Each structure stands twice: as C-alpha cells, then as structure tokens.
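For reference, the structure discussed in these notes is given below.
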Amino acid sequence: MSKVCITLKDGSVREVDSGTTFAALAESISRGLAKNALVAKLDGKTVDLAHKVEDSGKVEFLTFENQEGKDALRHSASHILAQAVKRLYGDVKFGIGPAIANGYYYDIDTPHTFVPEDLAKIQAEMEKIVKEDWPIERLEVSRAEALKLFGDQGEIYKQELIRDLPEDVTISLYKQGEFVDLCAGPHVPSTGRVKAIKLQSVAGAYWRGDQKNKMLQRIYGTAFEKKADMDAYLTMLEEAAKRDHRKLGRELDLFSIQDEGPGFPFFHPKGMVIRNELESFWRKLHVKYGYQEIKTPIILHQKLWQQSGHWDHYRENMYFTTIDDEGYAVKPMNCPGGILIYKSTHHSYRELPLRTCEMGLVHRHELSGALHGLMRVRAFTQDDAHIFMLPSQIKQEIKGVIDLFNAIYSTFGMSYRVELSTKPEKAVGSDEIWEVATNALREALEEYGMPYKVNEGDGAFYGPKIDFHLQDSIGRTWQCGTIQLDMQMPELFDLTYIGEDGQKHRPVMIHRTCYGSIERFIGILIENFAGAFPAWLAPVQAKLLPITDRQIEYARSLAGRMKEQGIRVEVDDRNEKIGYKIREGQLEKVPYLLVIGEKEVEAGAVAVRQRSKGDLGAMPVDKFISELAAETKATKA
RNA sequence: GCUGGUGUAGCUCAGUAGGUAGAGCGUAUCCUUGGUAAGGAUAAGGUCACCGGUUCAAUCCCGGUCAUCAGCUCCA
C-alpha cells in the first residue's frame with residue numbers, strides 16, 4: 001500500500017497509508033481530537049471524516065469551535081429535521097435546508113399546515129433520530145440516477161436543483177437511515193453528534209426567494225454540540241429581546257406607533273430630545289465638513305417625478321395627491337427638490353464641490369408585512385446630502401464622506417458592515433456610465449482600505465451605492481448610511497456648471513445619508529444602548545430626589561439652576577420613600593440620580609448616584625454641573 | 001403583498017366547555033416623612049381590535065377587515 005504525507009495544522013508531517021480515513025487519522029493523533037472533530041479540511045476544502053486520504057496534503061480537523069464545524073453540525077441537523085418531518089407527515093416535498101448564521105432551516109412543501117405545536121412533535125422525532133445515531137453516509141451518483149431517485153419520490157424541487165447544477169460537478173447524496181437527501185456536504189459522521197436541538201419558528205418562504213414562485217413552509221431551528229451551550233444561546237436571545245426598541249420605546253416613553261398610522265411613528269417628548277440632539281450634533285459636523293443646509297417641499301408636481309425617473313421606476317412606492325386638478329406626489333426622495341435648488345442659479349466650476357444637506361421627510365409605501373417598529377416605516381427623515389462636483393473630484397469627495405461617516409459612527413461606538421451595490425434590473429443609464437460610477441466607488445473604498453462585500457444588482461435605479469449596515473439587538477442588520485454616485489440625474493435635469501473654458505459642462509452628483517433615517521438610527525441606538533443612553537442623548541440627564549418634603553423646595557431651586565445651564569433635569573417630588581424613587585430612576589435609565597436630604601441642603605451639595613457605578617457620595621452642586629458639562633461637551637452644538 | 005401566529009384595563013398577562021370579565025404593575029386620594037432598587041389603605045379604569053353571521057344569548061363558534069409578531073419579498 002502506498003504512503004502519503006499529511007501536513008497537520010501545527011506544521012508536523014505524518015506518513016499514512018493511502019486510503020486511511022480522516023476519522024482514523026484523527027484517532028491516531030489524539031483521542032480528544034477523534035471525539036471532537038466534526039469535519040476535516042483538506043487543502044482548504046471541507047470534507048467528511050469518512051473521506052479517505054488519497055494524496056499528500058494539508059489537513060486540519062474542525063470542531064464545533066470552528067465556524068465550518070458549526071455549519072456542518074447544523075446542516076446535519078437540517079437533514080434530521082427533514083427526516084423527522086417525512087416520518088411524521090409523509091406527504092412532503094423538500095426545497096433547500098442550509099445552515100445559516102445561528103442555526104438552520106428547511107423549506108417544505110406539504111398540504112399539512114405547520115402550527116407552532118407541531119414543532120414540539122417534530123423536535124421530539126428529531127431527538128429520536130439523534131438517539132438512533134444513524135451514520136451519515138455520502139454517495140456519489142450520476143445525474144440520471146439522481147434525477148430518477150428524486151423523480152420516483154416526487155421531489156420536484158430537488159429535480160429542479162439537479163437540473164440547474166453545472167455539468168461538471170459531482171452529484172452527491174447523503175443518507176442517514178431511511179432518509180436520503182441531495183447535498184454537497186460535508187456532514188458530521190452520525191446523527192448522534194447533534195446533541196442539542198431546538199426548533200424555533202415556522203414561516204413562509206418563496207421557492208428560490210422569488211415572489212412569483214410557490215410559497216413553501218420554512219421551519220427554523222438551531223443546534224449545538226452541547227446542551228449547555230444551546231441553553232446559554234437561548235438565554236442570550238431572551239436577553240436581547242429585552243433590548244427590542246419597540247419594547248423599550250414604550251417603556252421609556254420615547255415613541256409610539258398607533259393603529260391610526262401604521263408605519264407612521266409618533267415621537268413623544270423624550271424621544272424628541274434624542275432626535276433633536278442627534279440633529280444638532282449632525283448640523284455641527286456638517287458645518288465643519290463644508291455643507292450648507294437646505295429644506296425642500298414634501299409635495300411636488302408630478303412632472304418633476306416623471307422627469308427624475310421616479311414615475312417609471314419608483315411609482316409603486318409613492319403616494320399621490322391632486323391640487324387644483326394637477327397631479328402631485330409626496331416625495332419619496334429628496335434629490336429632485338435639491339436639484340431644483342441647484343438649477344435655480346448658474347454655477348461656476350469654482351463653486352464645486354457644492355455640498356448641500358437636508359433633513360428631508362420622505363414617505364414611501366412599504367409593504368405592510370415589512371413594517372417593523374422604527375426600523376422600517378412609511379415616513380422617515382433622511383439626513384440627506386447632495387454633492388455636485390466635477391468628475392475629477394469624485395474620489396476625493398467620496399473619501400470625505402467616509403471620513404464624516406467615521407466621525408459619526410465612532411461617536412456611538414458602533415461597528416458596521418459595508419456593501420457595494422451594483423446596477424439593478426430596473427435602472428436608467430447605459431452600462432458604460434454604470435461601469436464608470438461603480439468603479440469610482442470601488443476604487444474609493446479600496447484606497448480607503450475599507451473591507452466591503454459586493455451586492456450585485458442592489459443599487460438605486462439611478463446609480464451604484466455603498467451601504468453601511470448596522471446591527472440590531474438580535475443581529476439583524478439594517479441599512480443606515482449610504483453613498484450613491486449618480487451620473488443620471490444631472491443628465492435628466494440638464495444640470496450644468498461653467499468650466500474654466502467658459503463652456504457648459506455636466507456635473508456629477510453624490511447622494512448620501514449618514515444616519516440613513518433618523519427613525520431607524522434611533523431604533524438602532526435604543527437597542528445598542530439597551531435604552532441607557534449616554535448623558536448627551538439621555539432624555540433626562542439628572543433626576544433630583546428629595547428624601548422628604550422638607551427638601552422639595554431646595555430641589556426645585558437646584559433644578560432651576562441646572563436648567564439654566566442647559567441640563568435636562570426632573571424633580572421627583574412624590575410622596576414616596578427614597579428607595580422607591582431610586583428604583584424608578586434606575587428603571588428609567590437616567591444617567592444621574594441626585595439624592596437630596598438634610599445634609600445636602602445644609603452643605604449645598606447633591607449625593608450623586610451614577611446609573612452604572614452606583615452611589616458616588618455627595619459633591620458640591622457646582623462640581624456636579626461642571627462635570628456633567630465636561631461629559632457632554634464633545635457632542636454639544 | 002405572501003405564509004403562519006397573536007389581538008382582553010395605560011403596561012404585562014389570567015379567564016370564560018357560549019350566560020357581557022380578573023390579577024400584578026401603573027394612576028388617583030388618604031395615611032406614612034422614610035438616606036441609595038418596591039411602606040400601607042381605598043378607589044377609579046375594559047362595547048374583551050372592528051364589521052357581519054350562527055344562537056334565546058357571542059369576548060368565546062364561523063366569515064371578513066384592520067393592526068401587530070416571525071419569516072419571505074422589498075428597502076433607509
């Protein structure tokens with residue numbers, strides 16, 4: 001038997017017989033590894049442990065600690081889910097069943113409608129399959145064999161998948177007990193390795209994600225190697241749910257959404273404080289970065305929207321009205337309005353880049369099922385800006401915008417993911433112009449050294465864009481900032497500037513938002529801070545808590561003094577014990593609670609209790625005021 | 001918009017095998033004047049989402065609508 005040389009992760013080299021399985025190899029290295037390994041990686045490709053070593057190469061064993069290990073285990077769990085469903089319901093056709101970020105799902109077509117109670121039943125059957133500990137075997141078959149196998153079972157979706165596979169791929173099946181599925185793998189060695197399973201929800205999902213196709217039923221679940229890890233994960237999810245901005249928004253009385261206005265949020269006084277602070281911080285930065293603020297109307301004539309292309313490409317998202325028998329539209333974007341201002345005067349190349357910004361209220365008809373608290377609404381304020389510039393200024397301006405984004409996001413300590421979106425199906429302009437614009441964005445990102453992902457076909461109808469995605473409390477991402485390069489609108493509106501040569505030239509436009517929408521950004525902030533806003537954003541920065549009614553008058557006069565200093569302060573003068581007032585102040589997440597008893601009145605002091613640090617002891621009132629001022633200075637207008 | 005779930009007091013939730021409802025928190029009033037996360041008493045508060053049907057009788061059963069939740073699709 002021939003020998004091959006295997007290089008292990010630590011760099012050591014082993015000589016083994018050709019045909020040795022990875023499982024046996026792991027066994028020969030250590031018992032712990034044999035026990036923990038789920039799949040192996042051979043020269044960068046993940047494979048089953050039953051895979052045989054044929055040639056020399058680099059081998060790494062993957063456990064649940066590795067992402068690939070997690071994915072393999074969860075992918076195997078999805079097969080167990082399908083097997084259980086088939087056992088229990090029989091008349092089922094399967095779509096796809098991949099591993100996803102924190103679990104897996106399987107899409108199922110069946111006349112039976114799954115209700116939440118079914119999940120417990122299916123989960124019990126899955127646990128049975130785990131106990132039965134079926135080996136998971138890989139089989140390689142010809143295209144014809146695969147088509148016949150799934151055809152005999154009426155698996156029309158699997159047949160469709162097989163037909164769409166490229167000619168040259170090996171078609172593989174995975175078998176566990178009586179269940180066989182079309183699958184590229186890899187999988188863990190046996191069903192018994194999936195020690196902890198939880199089915200989480202059932203939802204509809206279009207076959208292949210296309211609205212025109214049949215809607216299948218999708219069962220979501222998660223799986224872990226150890227039950228303790230799964231319990232910890234589920235507990236973490238419960239904790240995250242407590243940070244949901246819809247829940248905190250109600251509890252902290254920041255905003256509400258009423259039946260009378262689905263998708264049209266109401267901002268309460270405390271929510272307005274946050275909003276106004278965000279806006280004034282924004283204005284301060286925009287002055288610094290050379291922007292001029294404008295405001296354009298919410299309703300504009302229909303012909304403007306026909307000229308801009310919105311009529312043809314965005315109409316289904318717009319609201320319309322009639323004024324004096326003329327058609328008007330409620331703006332879904334701010335750009336046409338901003339363009340009209342640009343066009344109201346002539347421009348010299350010397351004025352460019354011309355940066356105009358606008359807190360613009362836009363309305364969009366979003367699908368009812370897509371609405372989500374403040375994250376997706378039908379009326380929102382974009383912190384928009386339009387930069388008109390020379391083609392030669394593109395890269396420089398984009399980098400300037402990214403600088404501004406960094407200044408804003410770093411203030412909140414938020415991390416983001418960047419995506420570059422390219423030409424969509426519904427678009428205006430030639431491929432060449434799109435190519436130029438897309439490359440400009442790509443080069444700016446690369447020169448800035450910013451990691452990004454490409455999102456094919458996801459651009460705006462008038463240009464490609466760079467999107468900044470932020471995470472909510474349970475890890476869903478939401479697009480916030482965006483930078484869109486537009487060579488179409490200047491053309492459609494015949495925008496010009498007078499160049500050095502005295503001739504008219506076409507400027508290029510950037511559309512961009514940093515927060516994205518104030519509403520969505522506040523939603524993200526609420527979840528990121530779990531409602532405990534930094535002092536500069538906190539609706540109430542300090543609450544004065546007199547211990548008895550003999551200190552109320554002193555507390556009120558202090559509150560007056562602090563308000564004069566621009567501090568947002570409340571006095572809790574209710575007839576309650578101090579412990580009770582403190583508890584409420586903590587639950588309201590007020591940054592500073594100032595306890596005032598007889599001692600403080602005598603000394604002209606306040607006893608400071610900081611939200612996270614607790615009782616800091618008494619300090620002179622002036623000292624507290626100046627320390628709070630120092631804390632909020634950086635973001636003050 | 002689609003698939004499934006949910007809708008009872010301001011909030012969180014019980015409940016009625018069909019006979020028009022209850023708790024805790026919150027609110028109001030009174031007692032209590034208390035030093036770092038809940039002092040006590042009393043009271044007010046609901047067309048049981050809305051519209052229609054079945055029934056002697058519907059919050060409960062049936063149909064529709066609206067809203068909301070999860071996901072799909074779409075997007076800031």
Side-chain angles (χ1 to χ4, degrees), chain A residues 105 107 113-118 200-220 241 244 246-247 250-251 253 256-263 314 316-317 332-333 360 362 364-384 421 424 458 460 465 467-470 474 476 478-482 484 511-521 523-524 545-552 574-587 593-600 607-609 614-618:
Chain A
Y105 65 78
D107 284 347
T113 302
F114 294 115
V115 292
E117 292 76 63
D118 291 333
Q200 292 163 299
S201 63
V202 53
Y206 300 108
W207 167 237
R208 302 199 134 180
D210 190 333
Q211 224 166 331
K212 293 194 274 290
N213 289 338
K214 180 164 184 184
M215 183 164 267
L216 311 180
Q217 300 183 72
R218 176 174 294 178
I219 297 178
Y220 282 92
D244 189 313
R246 293 165 297 187
K247 182 177 157 67
R250 189 170 49 241
E251 288 173 358
D253 200 16
S256 63
I257 296 177
Q258 317 271 348
D259 280 3
E260 289 78 358
Y314 208 73
E316 65 275 22
N317 283 300
M333 296 186 195
V362 297
R364 297 182 184 177
H365 179 77
E366 295 295 337
L367 295 176
S368 58
L371 301 180
H372 184 94
L374 290 181
M375 303 294 201
R376 185 174 284 102
V377 293
R378 285 177 170 159
F380 56 99
T381 303
Q382 288 185 307
D383 63 317
D384 219 337
S421 296
D458 220 26
K465 54 181 188 167
D467 294 330
F468 293 71
H469 295 253
L470 303 178
I474 60 170
R476 288 181 291 214
W478 299 91
Q479 186 188 316
C480 289
T482 181
Q484 310 180 349
H511 310 236
R512 52 106 278 204
T513 63
C514 323
Y515 293 140
S517 105
I518 302 284
E519 289 77 4
R520 177 177 287 181
F521 198 78
I524 296 275
L545 312 181
I547 290 177
T548 74
D549 51 18
R550 290 189 298 279
Q551 289 89 39
I552 289 179
R574 293 175 305 170
N575 180 7
E576 296 291 351
K577 287 192 174 180
I578 194 64
Y580 185 89
K581 294 181 181 181
I582 285 170
R583 179 181 152 81
E584 286 219 338
Q586 286 285 138
L587 292 175
L593 298 176
L594 307 177
V595 175
I596 297 168
E598 268 176 51
K599 282 181 279 179
E600 285 73 25
V608 179
R609 183 188 165 103
D615 190 357
L616 303 181

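On a predicted model such as this, the values are computed, not experimentally measured, just so you know. Reminder, nothing fancy here: chain letters follow the sequence lines and each chain counts from 1.
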Main-chain N/O of A/Phe114 paired to A/Gln217 side chain as donor or acceptor, under 3.5 Å: yes
Regarding B/rC69, can its base be found pairing with the side chain of A/Arg246 as donor and acceptor, where the two atoms are less than 3.5 Å apart? no
Choose from B/rA76, B/rU3, B/rG34 the nucleotide whose nearest atom is closest to any side-chain atom of A/Glu366. B/rA76
Tell whether A/Tyr206 reaches the base of B/rG71 with its side chain through a donor-acceptor pair below 3.5 angstrom. no
Should A/Phe380 be counted as stacked on B/rA76, where stacking needs a ring-centre gap under 5.5 Å and an angle between planes under 30 degrees? yes
B/rG35 base / A/Gln551 side chain donor-acceptor hit below 3.5 Å: no
In the strands shown, is B/rU3 matched to any nucleotide by a Watson-Crick or G-U wobble pair with both distances under 3.5 Å, and which? B/rA70
Is the shortest side-chain N to carboxylate O distance from A/Asp210 to A/Arg208 below 4.0 Å? no
So what does A/Asn317 hit on the nucleic acid, given a heavy-atom distance under 4.0 Å: a base, only sugar-phosphate, or nothing? nothing
Side-chain donor/acceptor of A/Lys581 to backbone N/O of A/Ile547, under 3.5 Å: no
Ignoring hydrogens and angles, answer whether the base of B/rA37 and the side-chain atoms of A/Arg609 contain a donor-acceptor pair closer than 3.5 Å. yes
Using a strict cut-off of less than 4.0 Å between a Lys/Arg side-chain nitrogen and an Asp/Glu carboxylate oxygen, indicate whether A/Arg574 and A/Glu584 qualify as a salt bridge. yes
Using a 4.0 Å heavy-atom cut-off, does A/Asp549 contact any base of the nucleic acid, only the sugar-phosphate backbone, or nothing at all? base
Just call it for A/Gly369: base, sugar-phosphate, or nothing, with non-hydrogen atoms closer than 4.0 Å on any strand. base
Do the side-chain N or O atoms of A/Arg574 get closer than 4.0 angstrom to the phosphate oxygens (OP1, OP2) of B/rU27? yes
pair_partner(B/rU54), Watson-Crick or wobble, both distances < 3.5 Å, evaluates to none
Closest to the side chain of A/Lys577, out of B/rG1, B/rU68, B/rG34, is B/rG34
Any side-chain donor-acceptor pair under 3.5 Å between A/Asp384 and A/Thr513? no
Assign A/Glu600 to base, sugar-phosphate, or nothing according to its heavy-atom contacts below 4.0 angstrom with the strands shown. base
What contact category does A/Leu587 fall into here, base, sugar-phosphate, or nothing, at under 4.0 angstrom with non-hydrogen atoms? base
OP1 or OP2 of B/rC72 sitting under 4.0 Å from any side-chain N/O of A/Arg208? no
Select base, sugar-phosphate, or nothing to describe what A/Lys465 touches, counting heavy atoms under 4.0 Å on all strands. sugar-phosphate
Considering only heavy atoms and no angle criterion, is a donor-acceptor pair shorter than 3.5 Å present between the side chain of A/Arg376 and the base of B/rC75? yes
Would you tell me if any nitrogen or oxygen in the side chain of A/Arg512 comes within less than 4.0 Å of OP1 or OP2 on B/rA76? no
Classify A/Tyr220 by what it touches in the nucleic acid, base, sugar-phosphate, or nothing, heavy-atom distance under 4.0 Å. sugar-phosphate
Pick base, sugar-phosphate or nothing for A/Ser368, based on heavy-atom distances below 4.0 Å to the nucleic acid. base
Looking at A/His372, does any N or O in its side chain come under 4.0 Å of the phosphate oxygens OP1/OP2 on B/rA70? yes
Base, sugar-phosphate or nothing for A/Ile578? Non-hydrogen atoms, less than 4.0 Å. sugar-phosphate
Could you let me know what B/rA28 is paired to, Watson-Crick or G-U wobble, both distances under 3.5 Å, or none if it's on its own? B/rU42
Counting the atoms with a prime plus P, OP1 and OP2 as sugar-phosphate, which does A/Arg550 contact under 4.0 Å by heavy atoms, base, sugar-phosphate, or nothing? sugar-phosphate
Under 4.0 Å between any heavy atoms, over every strand shown, what does A/Gln217 touch: base, sugar-phosphate, or nothing? Just pick one. nothing
Does a nitrogen or oxygen in the side chain of A/Tyr580 sit under 4.0 Å from OP1 or OP2 of B/rG26? yes
Check every strand shown and say whether A/Val377 touches a base, only sugar-phosphate, or nothing at a heavy-atom separation below 4.0 Å. base
Output the single nucleotide from B/rC72, B/rG35, B/rU73 whose closest atom is nearest the side chain of A/Ala205. B/rC72
